[in-house]
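Only one structure is covered here, and it is reproduced in the block below.
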Amino acid sequence: MTEVRVRFAPSPTGYLHIGGARTALYNWLWARQTSGKLILRIEDTDRERSTQASVQAIVDSMTWLGMDWDEGPGKDAGTGPYFQTERLAIYQTYVDKLIAAGAAYRCYCTKEDLDRARTEHKARTGSEQGFRYPGTCRQRTDAPAGKHVIRLKAPATGSTHWHDLIKGRIEIGNDTLQDSVLMRSDGIPLYNLGAAVDDISMGITLVARGDDHVINTPQQILIYQALGVALPQFAHMPMILAPTGEKLSKRHAAVSVMDYRDQGFLPDGVLNYLARLGWSHGDQEIFTRTELVEKFDWEHCGDTSARYDLKKFQHVQASHLRMLSAAELAKQVVPFLDKRGLTVAADDPRLLTAAPLVQPRATTFIDAADALDYFFREPPVMDEKAKTKFLTADRLAQLGVLASVVEGVSPFSREPLEAAVKSWLERDHLELKDVAQPARVALTGRSASPGLFEVMEVLGRATTLARLRLQA
RNA sequence: GGCCCCGUCGUCUAGCGGUUAGGACAUCGGCCUCUCACGUCGGUAACACGGGUUCAAGUCCCGUCGGGGUCACCA
């Protein structure tokens, strides 16, 4: 069996968004499951729009998500370079082969020639749509010096088909093809040439990409055939749509991978959500990274486009947050605490004790940091509404009593604290719910928090007493 | 408009000729309870429509409608 070689080939024209991340993910999962190779290739032939910052954003996003590549920027394994603009000589040799094979030709038509033909087409049909290059240079056999592009000599009859791993058999009539430009006059390849040549020269065995590329596949197959090389497998995955059903774009909130990092999402949560958006494994919803690698398959990739749903995303994310150990959560939440001006060590015992408390109450690290805030801020930020509602004059005296009740409890931990408070309540014919809210507000500054005794335990005796007495 | 892809609860999906059409998110209600969560129990909710094929169709075929993609010296 030959080694699986898949690739992720983004164009560096912006940040990595979740659609691209999913394409990368499926390729990465397949490479890891099969012990194959993932090649990261930067398709930067659009010099107008490609930027170094975008390359960095892609690399950073992939790295943050933990999707490592075996060959690509920073990892040359002999099939590089991995930036298309550094592979120009390679494209030229392939173009020569294509011309020699009669599958491509030089076209000397100018921009003006084409504009004229396009205008005529529009006048005749009433639309710019459906315009096709008239084939002016198709038959010329000379090769004069001068500005020219390279065009594909597309067959006019027959059809091109392939078996798509996701969509099944796809057949497209060659009469719908046109002699599209393969290489610009400046020697820079266009998408179809660059992709096909690189996939060939990099030994790609499976091309998995978004299904907006279905229409490009026949032209690439034609190139493979003209060159006499074996076809790779193809898998075209449906696109991710906005909640409204339209194409997901930068206009939609939070589609950049880096945004999720900044919002305190877990890479594994992002991967899980993205994996399930278009792929399934029976009824299972939550997958660890390892499970994803083990269970992913092309067979269960759906062929319907999926809508992005933040609510579900958050649920998956929260599930992963809860899977973290206290030490892991502590370590990862520290930078987010720092952003709030709270300097806490990852191994601070209070943090370690508090972590499991906030875990079921948070979706992201930002949430967790917020839920942890009052444990480390002195005095805690007081919610005025909560204060007005619960710290009423008739309740304040109870706070003082509560303070004296817990003062001597030892050890100062949840069970003994609860026992002491419960026996006091029983003695004075009070109910916990009568004193809990005022105490909670005094201790945390908020009307919602983890259990009172857990909070006291984390705060410790001195802080607990101080905060209760400050209000009493 | 041509070509290509697609159509199961609001959303993500299971289903691969015979199911009370299952799960998850969301939503609604109950339980738990010191608040908020978590958890848990239960409810509402789907096979786009019309023809076929078949003893039997969400599953196969055709059409209609609907959605998306694509028609560049972008990728």
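So that the names make sense, note that chain A is the first sequence line, chain B the second, and so on, each numbered from 1.
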Distance flag, aromatic centroids of A:His213 and A:Tyr191, threshold under 6.0 Å: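 Yes: the rings meet the under 6.0 Å criterion.
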
Given [options], identify the nucleotide with an atom nearest to the side chain of [X].
| X | options | result |
| --- | --- | --- |
| A:Ile215 | B:A26, B:C34, B:U70 | B:U70 |
| A:Ile172 | B:A75, B:C73, B:C4 | B:C4 |
| A:Asp309 | B:U11, B:A24, B:C34 | B:U11 |
| A:Leu190 | B:U35, B:C12, B:A72 | B:A72 |
| A:Ala448 | B:C36, B:G15, B:C34 | B:C36 |

Measure distances between side-chain N and O atoms of [X] and base N and O atoms of [N], and say whether any donor-acceptor pair falls under 3.5 Å.
| X | N | value |
| --- | --- | --- |
| A:Arg361 | B:C38 | no |
| A:Glu285 | B:G23 | yes |
| A:Asn192 | B:A75 | no |

When you compare [N] with [M], how far apart are their [atom1] atoms, in angstrom units rounded to a whole number?
| N | M | atom1 | result |
| --- | --- | --- | --- |
| B:C6 | B:A37 | C1' | 40 Å |
| B:C12 | B:G52 | C1' | 32 Å |
| B:U70 | B:U8 | C1' | 27 Å |
| B:G42 | B:C25 | P | 14 Å |
| B:G17 | B:U44 | P | 30 Å |
| B:A48 | B:G66 | P | 16 Å |
| B:C74 | B:C60 | P | 41 Å |
| B:U20 | B:C47 | C1' | 15 Å |

[X] side chain near [N] phosphate (N/O to OP1/OP2, under 4.0 Å):
| X | N | result |
| --- | --- | --- |
| A:Arg184 | B:C74 | yes |
| A:Thr304 | B:U13 | yes |
| A:Arg322 | B:G39 | yes |
| A:Arg49 | B:A72 | no |
| A:Thr45 | B:A75 | yes |

Student check: side-chain heavy atoms of A:Gln332 and A:Phe365 closer than 4.5 Å: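 Of all side-chain heavy-atom pairs linking A:Phe365 with A:Gln332, at least one is under 4.5 Å.
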
Side-chain heavy atoms of A:Gln437 within contact of A:Ser447, under 4.5 Å: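 Yes, their side chains come closer than 4.5 Å.
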
Heavy atoms of other groups near A:Arg377 CZ, more than 12 under 6.0 Å: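 Above 12, so yes.
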
Could you identify the nucleotide paired to [N], looking across every strand shown and requiring Watson-Crick or G-U wobble geometry with both distances under 3.5 Å?
| N | result |
| --- | --- |
| B:G63 | B:C49 |
| B:U35 | none |
| B:A14 | none |
| B:U20 | none |

Most 5' of A:Glu128 and A:Phe453 on RNA chain B, judged by nearest nucleotide: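 In this pair, the answer is A:Phe453.
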
A:Arg440 or A:Gly302, whichever maps to the more 5' nucleotide of RNA chain B: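 The residue closer to the strand's 5' end, by nearest nucleotide, is A:Gly302.
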
Value rounded to 0.5 Å, distance of OG1 in A:Thr353 from CG in A:Leu459: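 Separation between the atoms: 11.5 Å.
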
Parallel, tilted or perpendicular: ring planes of A:Phe265 versus A:Tyr260, cut at 30 and 60 degrees: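 Answer is perpendicular, since the angle exceeds 60°.
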
Name of the residue among A:Tyr273, A:Phe287, A:Tyr26 meeting ring-ring contact (aromatic ring centres under 6.0 Å, His included) with A:Trp279: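 For A:Trp279, the ring-ring contact (aromatic ring centres under 6.0 Å, His included) check succeeds only for A:Phe287.
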
RNA chain B-proximal residues of residues 268-284 of chain A, any heavy atom under 4.0 Å: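 A:Arg276, A:Leu277, A:Gly278, A:Ser280, A:Asp283, in order of number.
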
